[in-house]
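Note sheet for the following structure.
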There are 2 protein chains.
Amino acid sequence: MKANLEDIAKAAGVSKMTVSRVLRGGTGFSDETRDRVRKVAESLGYVPNKLAAAFGADQASTLVGMCVPRLTSGLFGHVLDGVDRALSRLGYQLIIGANNHSTEEEEAWVRQIVSWRPAGLILSGRTHQPGTVDLLRQAAMPVVEIWDLTTSPIDMSVGFSHFDCGAEMGQHLLRRGRRRAGYVGALARADVMGQARLDGFRAALAEAGHPLVASELLLDMPGFYAGLYGLETLLSRTRDLDVVYFHNDEMAIGGLAHAQSRGIRVPEDLGIAGWGGMEAASILPRRLTTTVVPTTAIGKAAAEALVARLKGEPGQDVTVVPTRLVPGETG
Amino acid sequence: MKANLEDIAKAAGVSKMTVSRVLRGGTGFSDETRDRVRKVAESLGYVPNKLAAAFGADQASTLVGMCVPRLTSGLFGHVLDGVDRALSRLGYQLIIGANNHSTEEEEAWVRQIVSWRPAGLILSGRTHQPGTVDLLRQAAMPVVEIWDLTTSPIDMSVGFSHFDCGAEMGQHLLRRGRRRAGYVGALARADVMGQARLDGFRAALAEAGHPLVASELLLDMPGFYAGLYGLETLLSRTRDLDVVYFHNDEMAIGGLAHAQSRGIRVPEDLGIAGWGGMEAASILPRRLTTTVVPTTAIGKAAAEALVARLKGEPGQDVTVVPTRLVPGETG
DNA sequence: CCTGACTACGTTACCGGTAAACCTGGCAGA
DNA sequence: TCTGCCAGGTTTACCGGTAACGTAGTCAGG
């Protein structure tokens, strides 16, 4: 990388400050100067140095950090997409990381990223290490917590309540006449948001006087196989269930596959419900009963909240992005 | 962000160079000095400034850029995951972007990222704008092109041949006795890699004397619905097919759903084959015939090739990561 | 006792931008 | 004619690190 502002300045016969102003589209130069500088910059193949710019100005870089639980989650892929579209349009660059549902890994990541002095951060979830929160508050950095809503965010929050998702599904299944519900989940210890859905589900059932009969929590990635084996295990312990709520749609589809292989009729013998709203779920022979999460909208809203804060525009600290329970033909 | 090296230096009664050496774990200081400096840094809540470090050293930052076609693709989620795990373990940070299968968008992204002077880049595909290639060659930056193999990479390449994938599937279906094949794809104009698979498929069929009968290329995201409608459209034009090859597994599953809804028996009336190896495909009542792509392995290999280059270790320029055709029960 | 090597630091000069203060010539108005 | 102002610049002083080099003190060996 050879050419810098000074090289251009010399070649164009102006000072490097003038070059800086021209290339950043400021004012205080004639049209001829502007054209000459631009031409020289072009011919020298000048590539701006954001490192120096962000460092020198000692403020607002155009880096934004985003930390998600897992990069392999289809849902978070859409959230990332929403964030990326909104930010790249405005000239920001996105640094990502995965915390594997661990607040310790999240803290390590945050420390790395903060040392790049980013314009802002987007974190997933409302649970963080105390040190993470201290660091971010002290740095007075714009932070958006997404996915799981909190009324007392570090800075801003965009999302919905996982507890309410679980409760709503519980109420729905009760209205459909289900009385003996089970639950199949995964990553039990680490995934606080899945846990919150289970808590909400359990609470809704208990309140109606038909408490959760059994649950199976696997220490595994929440995918198709986990759903399949999870339902198999659950049914081997307790045959007497009339509906099973799954951690997410992938697991629910795994559960459907297991039911089909055992000749269990869905929804006659057993109801099945998922969570997340993956596209595959809506195209099954029987549409999956699930909760659709507006993933891209959350990403977009988070990015916009962050940018509004950066520009000093007023914006609300907490943005609720509603989920939608979609009654299918499986529960 | 208040404390910097100088603050620590003053508080510890040493020069800031000594603080720099201590905090970076170098040599040239006594144990007492080390302990004192560390203690002071801790107590002041010092957060290193990588911006200044990368700028001052005027060389290799710990940023790595990665550009994928779409962030919503399940396959690329796994590639990202492989890259992220390998890089974050070594202290690198990942900047991502999506090019939407457009080399123009890719070039815009590359220009943005190069101005951060990253340690290296990972790009998807072998097709780039001439300006992109010039820029990268001139910057002498380590670059790994992944996904579609090329024998003449900008710098390094990790992947497999999409043409060969298509050809192999063509040969497989011919061996299974299929003679009248169709193809359903998406994003026809922009997705050169999907196009390469089609080319390979077409070539294999033609060579065997049973050329492709019909194809349907949708200008849409390659998802379940596109597969469903694509097959419907294809069959409305040409009923006389005995197998259909799809752009990817998601579309193939959409195709399966359409076949089921129309009472078309798979594989008796119609064979169906996909590509990619998504987990869902292997759990269908009838396992999908598809090509499994080692996504995570490609990400890992790309990251490792990049790091090897950065450390000056010898490594091969082209790494072939083989795909695996998995004969299922649908084709 | 002098020399040379080694340890444990300190000093200085940058890296490539940006902000802010500072020039300067020409022209309008008093 | 003098003054003030404005367009169109230039100059200077950083930002927070790092590399390269300088230097005082110590110690062993000849």
Side-chain angles (χ1 to χ4, degrees), chain A residues 1-38 40-41 44-63 91 111-112 114-119 139, chain B residues 1-38 40-41 44-63 91 111-112 114-119 139:
Chain A
M1 213 71 64
K2 13 184 199 228
N4 59 22
L5 283 193
E6 188 128 36
D7 298 332
I8 299 173
K10 273 183 198 144
V14 293
S15 71
K16 69 175 192 174
M17 196 59 225
T18 299
V19 178
S20 173
R21 280 197 281 251
V22 167
L23 296 182
R24 279 185 301 152
T27 56
F29 42 80
S30 63
D31 289 359
E32 337 161 50
T33 303
R34 167 167 49 73
D35 294 345
R36 187 154 35 91
V37 166
R38 284 197 182 152
V40 171
L44 291 179
Y46 175 68
V47 178
N49 188 336
K50 292 205 201 223
L51 228 44
F55 170 61
D58 195 34
Q59 61 174 10
S61 79
T62 57
L63 293 174
R111 287 197 178 277
Q112 294 282 321
V114 165
S115 70
W116 282 107
R117 306 291 190 266
Chain B
M1 213 71 63
K2 13 186 198 227
N4 60 22
L5 283 194
E6 189 129 33
D7 298 333
I8 299 172
K10 272 185 198 142
V14 293
S15 73
K16 70 176 192 173
M17 197 59 223
T18 298
V19 177
S20 172
R21 280 194 279 248
V22 167
L23 296 183
R24 278 185 301 152
T27 55
F29 43 79
S30 63
D31 288 359
E32 337 161 48
T33 303
R34 168 168 49 73
D35 294 345
R36 188 154 35 93
V37 166
R38 284 197 182 152
V40 171
L44 292 180
Y46 175 68
V47 178
N49 188 335
K50 292 204 200 227
L51 228 44
F55 171 61
D58 196 32
Q59 62 176 10
S61 73
T62 56
L63 293 173
R111 286 197 178 278
Q112 294 283 320
V114 165
S115 71
W116 282 107
R117 306 291 190 267

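The figures that follow rest on heavy atoms only: side chains count, while hydrogens, waters and symmetry mates do not. Here is how names work: the chains are called A, B, and so on, in the same order as the sequence lines, proteins then strands, and each is numbered from 1.
The line from CZ of B/R21 to OG1 of B/T33 is 11.0 Å long, rounded to the nearest 0.5 Å. With rounding to the nearest 0.5 Å, the separation of OG in B/S15 from CD in B/E6 is 9.5 Å.
Dashed line: the shortest gap from a side-chain N or O of B/N4 to OP1 or OP2 of D/dG16 is under 4.0 Å. Close to C/dG16, at under 4.0 Å from its OP1 or OP2, lies no side-chain N or O of A/Y46.
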Test side chain to side chain contact (heavy atoms under 4.5 Å, CB included) applied to A/D31 and A/R34, step by step: CA-CA 5 Å; A/D31 289 359; A/R34 167 167 49 73; 3.1 Å; yes

Any chance you could lay out the side chain to side chain contact (heavy atoms under 4.5 Å, CB included) test for B/R117 and B/L63, step after step, and finish with the verdict? CA-CA 8 Å; B/R117 306 291 190 267; B/L63 293 173; over 6 Å; no

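For the pair A/L44 CG and C/dG16 C1', the computed distance is 15 Å after rounding to whole Å. When rounded to the nearest whole Å, the span between CG of B/N49 and P of C/dC15 equals 19 Å. Atom C1' of nucleotide C/dG17 and atom CD1 of A/I8 are separated by 12 Å, given to the nearest angstrom. B/R117 has its CZ atom 7 Å from the P atom of C/dG17, to the nearest Å. In this structure, A/L51 atom CG and C/dT18 atom C1' are separated by 14 Å, rounded to whole Å. Atom CG in B/L23 sits roughly 13 Å away from atom C1' in D/dT18 (whole-Å rounding). Separating the CH2 atom of A/W116 from the P atom of D/dG16 is a distance of 16 Å, rounded to the nearest angstrom. At whole-Å resolution of the value, CZ in B/F55 and C1' in C/dG16 are 4 Å apart.
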So if I define the base as every atom that isn't primed, P, OP1 or OP2, how would nucleotides 7-12 of chain C read as a B/S/- string at a heavy-atom cutoff under 4.0 Å? -SBBB-

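Test B/N49, B/V19, B/T18, B/V22 against B/L5 for side chain to side chain contact (heavy atoms under 4.5 Å, CB included) and you get one pass: B/V19.
Side-chain contact between A/Q112 and B/T62 is absent, with no heavy atoms from C-beta onward closer than 4.5 Å.
Side chain of B/A57, nearest nucleotide from D/dT18, C/dG17, D/dG17: D/dT18.
For the side-chain contact (heavy atoms from CB on, under 4.5 Å) test, residues two or more places apart in sequence or in another chain that qualify with A/A41 are A/I8, A/L23, A/Y46.
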